[in-house]
Amino acid sequence: MNETEILEKLNDRQREAVLATDGPVLILAGAGSGKTRVLVHRIAYLIDVVGVYPSQILAITFTNKAADEMRGRVDTLIGEGAEHVWVSTFHSLCVRILRRHADRIGFTRSFSIYDSDDQLTLMKSVFREEHVDAKRLKEKAVLAAISSAKDELVSPEKYRAVNRDFFGSQVADLYERYQRRLKESNAMDFDDLIVKTVELFEQFPEVLESYRNRFRYLMVDEYQDTNTAQFRFVSLLAGGHGNLCVVGDDDQSIYKFRGANIRNILGFEKIYPDAAVIRLEQNYRSTKHILSAANEVIRHNLGRKEKRLWTDHPEGEKIAVRRFDSSFEEAEYVCGEIASYIRDGLYDYRDCAILYRTNAQSRLFEEKFLMANIPYQIVGGVSFYSRKEIKDLLAYLKTIDNAVDDLAVRRIINVPKRGIGATTVAKLDDYAVSGGMSLFEAVCACGNVPTISGAAAKKVAAFSDFIGVLRAKAEDASVPDVLKEVIEQTGYVRELEAEHTEEADARIDNINELVNKAAQYQEEAETPTLSGFLEEVALVADIDTVDEGDDRVLLMTLHSAKGLEFPVVFMTGMEEGLFPSSLAIHADRPEEEIEEERRLAYVGITRAKERLTLTCARERMVRGEMVTSPMSRFIREIPRDIVDMGPVGAPGRRVTLPARGADAAIRSAVLASPSFGRPFPGTGERHRDSSYSNPYAAYQKAVRSAGGPAAGSDGGAASGPAGGSAASGLNKSGSEAAVPAGDGPLGYQTGDTVRHVKFGEGVVREIADGKRDYLVTVDFPSWGVKKMYASFANLKKV
DNA sequence: TATATAGTGTTTTTT
DNA sequence: ACACTATATA
C-alpha cells in the first residue's frame, strides 16, 4: 500500500497519530475513537512507507482477544510479511523471552506457570511449613500483599526494609519463603512473568540489548492499565531508540486493584517531555445520547485529562432506566426485552450484552434465560481450566514436563486413588525436605525412606514407574497423544463413566474439550511442546474464548467488557452498595475508589452502540441476605432530559412494565391487576425451593460445557417454579398474557404434540395458567421433561 | 485410608 | 448461599 491509501480512510487526528512514527507518542484515545484502526494503519505505514521490517515492530495488548483481533486486522491490511509483526500480550511475550533465557535466572525452559489456585495451594503449604496460624493471617491477604509488591517491583528484601511492623515482617518472611518454593518447583506465578523479565533485562544488559535491537518500534495498547512492573518492562525495551507509542484512555483505567498505575498515562509527558500527544475524540461507535450520558457521568471525576467525546451519529434512543422491586423482576425484564427484540426482528441475540459489577449476579439472568430458552454465554466466573478434572490432567502433564513441580506431583499422586494417603505423602515430603530434593525425587527413592512400610513403598514405586512410562511416551508423542495416554492409563474417564451422573458426564465433556484443545494446539503451534501447551492454557482468559460467530447473549462483568462493543447493552444492578461497591463507598479513601467505579460505569456506558438500558432493584439477595439499596449515583449523574424513565412513573416510583411490547390496553390491564406494584408474588418461596436451585447447578454445568442452553441438558429446566404460582412477570407479548387459559391463544393444548426450535417434538403434559403467562410442561423424548413459558418457547403444534 | 458431617468464613473487579 | 476445612467414624 502507498501512503495515500493508508492515510485516506483516517480523520485528521488519526492521521497525525499514524504519521508520528518516531520518538515517544501518547495517543489519548477515547472510547470508540478507532484506536485499533490507528494502530493497524500505523503499522502499515511503518512497513510500507517508512520501510521498517515487520519483525522490528512489537505491539503489546492485555488480552489474547485484543491481540488476535489486531493480528487479524494487520494481516488483512498489510498482507505479505505481516506475520512477522509481533503482536502479543504482556504475559505471553514475557514467557517467550523467559523460556529462551530461563537458565540465566535459575530456571529451566520448561518452568511451570502457577495460576491463582496454585498460588493459594502453595501459600497454604508455606503457612504449614512456617507454622503460621491461618486464623491470624489469611493466605489470600498475604498473596495479595505479595502481588502488590511484585506489581511495584518490590523484592522480599526491599519489602522487609520498608514494612517494619509485625504484619510487614511476617509477610516478608512468607514472601521470601514463597519465592524459594516457587524456584524449587521451577515455577513462576503470573506476576513473576513480568518481574523476572525485568530482572533478566537488568541483570543481563546484553540480553536487553538484543531485544532493543530486535524491536525498533513499540506500541502498547490499554496503556492506562499498565502497572509499575509493566511500565519498567516497556521503558527498558524502548530505552535505546525511544520509539514508544502508547495508546490509552485515563477515563478507562479500571485495574487499580491489580496494580495499574494511572500515573503512567497521566505523567507520560513528564517522563517523556518531547512526547507527541494526540487526542482522538471523535467517536464512531455510539449514538449522541449514549455519548452524552458517558460524558456527563465521567465529568464528575476530578484529576482527569479533560476531553469530550463527540460523534456525528444520530441522537438515537434515550437511555432507558428501569427500577424494580426485586432482582428477580430485573432479570425477567431484561430477559423479556431481549426476547421482544428477537421477536420483532430488531436484533439478534449476539447483539445483546448484559453487564454487571460482580460475577455472582450472573446467576439470576442465567436462570431466566434457561427458562426462556434464550441462548447465552457467561464470560468469567469459574474458568474452564480451574475445573478439577482439567487441573488433574494438566497436573499429570506438568509432572511429566517439569518433574520438580511439587504442587503438580502432590495433586496427582493419589488421583485416581492408588492408596497413597496423606500419611505417606507427609513422610515423602519430610524425606524430600531433609534431603534437599523435590517430592518426585523422594518418590523415586521411596525404597530408601525408612518410615515408609513395604506395602506403601510398593504403591509409591508403582506411581513413579507409571510416570516414567508416560515420560518415555512423551519423548516422541504429540501433545494430544500424551494427554490421551494419561487419560487411558489412569482410567480417569472410565471412572467417571461408571458414575452415571450428570455431573460426571459434564466432566467427561470437559475432558474431551481439553483433548480437542490439545489437538488444536498441536496443529497451530510452530513447534508444539508440552510446556508450550501448558503455557497457552495458563495464559488464556475467559474472554479470549468468546466466539463472535455464535448467536447468543453475552453476560459478563463490566471489567470483562472493556474493549468490546454491542448494539444493545443492559447495565444491571445499578444500586448503591453494589455499583458503586460498598467496599469503595466505605474505603479509606472513598473519593478515589468511587472515581474508579465511575470509570467502570463509563466503560460500561460506552460499550453501547444503539441502545442502553440501566436497571436496578430495590431488593436483592446478597450472600443469603436480603439487601435494600437506593439507585446508583451513576444513574443520577445522567441528565434527565436524555433518560427514558419507562412507561409509568419515574425512578423512585414503581416501574415494572416493559417499555416495549405491551400496548395500552394490556398495560392498563396489568396496572389494574392486584399483583402490580406489590412485591413479586412467590419470589421468596421460589428461591428457597431447593428443587429449583439444585438441579440447576448440574444443568448449568451441562450448559457451560456445551456452550449453550440447548445442548447437553435434560431434567434441569423441568424443575422451574412450582406449578406456575409465580408466573413470569413481564413477558414480551401482551396478547398472550391477557387471554384466559385454553388452547386458543397458544394454538395447542395438553396432549398435543408440539415442535420446539431446539428440542424438537414433544408432548404437552400440562399448561399452567400463570399470572401473566402460561407455564407449559412438555415431554421431549430426547431431552426430558421441560417447563417453559409459552411466550418465550414459541411452540408450534404439529 | 476414605468418607460423611458439621461448622466456618467469604467475595469486587482479573492477566 | 456456597465452598472449604476440621473432625469423627467406618
Side-chain angles (χ1 to χ4, degrees), chain A residues 60-67 88-95 113-117 119-121 124 134-135 138-141 144 147 150-151 189-194 222 225-227 229-230 253-260 355-364 379-383 385-386 388 414 416-426 453 455-456 459 535 538-544 556-563 573 577-587 593 596-597 599-601 603-604 620-626 687-688 690 692-694 696-697:
Chain A
I60 305 175
T61 63
F62 269 81
T63 64
N64 294 300
K65 187 169 194 296
S88 179
T89 66
F90 271 106
H91 293 270
S92 48
L93 175 63
C94 286
V95 171
I113 300 168
Y114 280 6
D115 65 16
S116 45
D117 284 346
Q119 286 181 275
L120 191 61
T121 313
K124 282 182 175 166
K135 288 208 175 61
K138 298 269 167 290
E139 291 97 342
K140 279 190 183 156
S147 178
K150 288 181 178 177
D151 287 343
D189 66 19
F190 275 129
D191 302 316
D192 282 340
L193 298 178
I194 315 288
E222 306 283 12
D225 288 325
T226 50
N227 61 32
Q230 289 160 333
S253 169
I254 55 172
Y255 282 109
K256 197 177 122 208
F257 73 93
R258 207 170 68 189
L355 311 182
Y356 35 75
R357 180 67 238 268
T358 66
N359 279 306
Q361 288 165 254
S362 67
R363 192 176 184 270
L364 248 18
V379 178
V382 189
S383 140
Y385 292 106
S386 64
K388 184 184 175 300
N414 201 27
K417 302 258 181 319
R418 43 173 81 89
I420 305 174
T423 329
T424 310
V425 175
S453 74
K459 292 172 188 162
E535 160 192 328
L539 298 181
V540 293
D542 208 37
I543 191 76
D544 300 333
M556 68 186 101
T557 62
L558 288 149
H559 281 89
S560 301
K562 199 174 66 154
L578 190 62
F579 186 38
S581 146
S582 54
L583 274 88
I585 296 171
H586 301 115
E593 302 276 329
E596 174 114 343
E597 298 277 311
R599 289 193 288 271
L600 201 48
V603 166
R620 87 170 55 231
M621 289 282 233
V622 179
R623 268 186 303 196
E625 237 184 330
M626 198 57 99
H687 212 68
R688 274 196 293 276
S690 62
Y692 188 52
S693 53
N694 284 344
Y696 154 78

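In what follows, every chain begins at residue 1, and chains take the letters A, B, ... in the order their sequences are listed.
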| said: By the 4.0 Å heavy-atom rule, please label A/F90 as base, sugar-phosphate, or nothing. | reply: nothing

| With a 4.0 Å cut-off on heavy atoms, is A/K124 in touch with a base, just the backbone sugar-phosphate, or nothing at all? | sugar-phosphate

| said: In this structure, how many angstroms lie between the P atom of B/dT13 and the CG atom of A/L355, rounded? | reply: 15 Å

| said: Tell me the interatomic distance from A/L600, atom CG, to B/dT12, atom C1', rounded to whole angstroms. | reply: 9 Å

| field | Distance, rounded to the nearest Å, where A/I585 contributes CD1 and B/dT11 contributes C1' | value | 16 Å

| task | Would you mind reading off the distance between A/L583 atom CG and B/dT12 atom C1', rounded to a whole angstrom? | result | 7 Å

| message | At 4.0 Å (heavy atoms only), tell me whether A/D151 reaches a base, stays on the sugar-phosphate, or touches nothing. | response | nothing

| task | Look up atom CZ in A/R357 and atom CG in A/L558, then write down how far apart they are to the nearest 0.5 Å. | result | 7.5 Å

| Nucleotide of B/dT14, B/dT15, B/dT12 approaching A/E597 most closely (side-chain heavy atoms) | B/dT12

| message | From the set B/dT10, B/dT15, B/dT13, return the single nucleotide nearest to any side-chain atom of A/R623. | response | B/dT10

| request: Scan A/K138 against the nucleic acid and name what it touches under 4.0 Å (heavy atoms): base, sugar-phosphate only, or nothing. | output: sugar-phosphate

| request: Can you measure from NE2 (A/H91) to CD1 (A/I60) and round to the nearest 0.5 angstrom? | output: 11.0 Å

| Between atom CE in A/M621 and atom C1' in C/dA1, what is the gap in whole Å? | 8 Å

| How many Å lie between CD1 on A/I254 and P on B/dT12, as a whole number? | 16 Å

| request: Remember a base hit wins even if backbone is also touched, and classify A/N359 as base, sugar-phosphate or nothing at under 4.0 Å, heavy atoms. | output: sugar-phosphate

| said: For a quick check of understanding: with a heavy-atom distance under 4.0 Å over all strands, which category does A/S582 fall into, base, sugar-phosphate or nothing? | reply: nothing

| query | Just wondering, do A/F257 and B/dT13 stack (centres under 5.5 Å, planes under 30°)? | reply | yes

| message | Under 4.0 Å, heavy atoms only, any strand: does A/S116 hit a base, just the sugar-phosphate, or nothing? | response | nothing

| said: Distance check needed: B/dT14 P versus A/L539 CG, whole Å only. | reply: 17 Å

| task | Calculate the interatomic distance between A/K140 atom NZ and B/dT10 atom P; express it in whole Å. | result | 8 Å

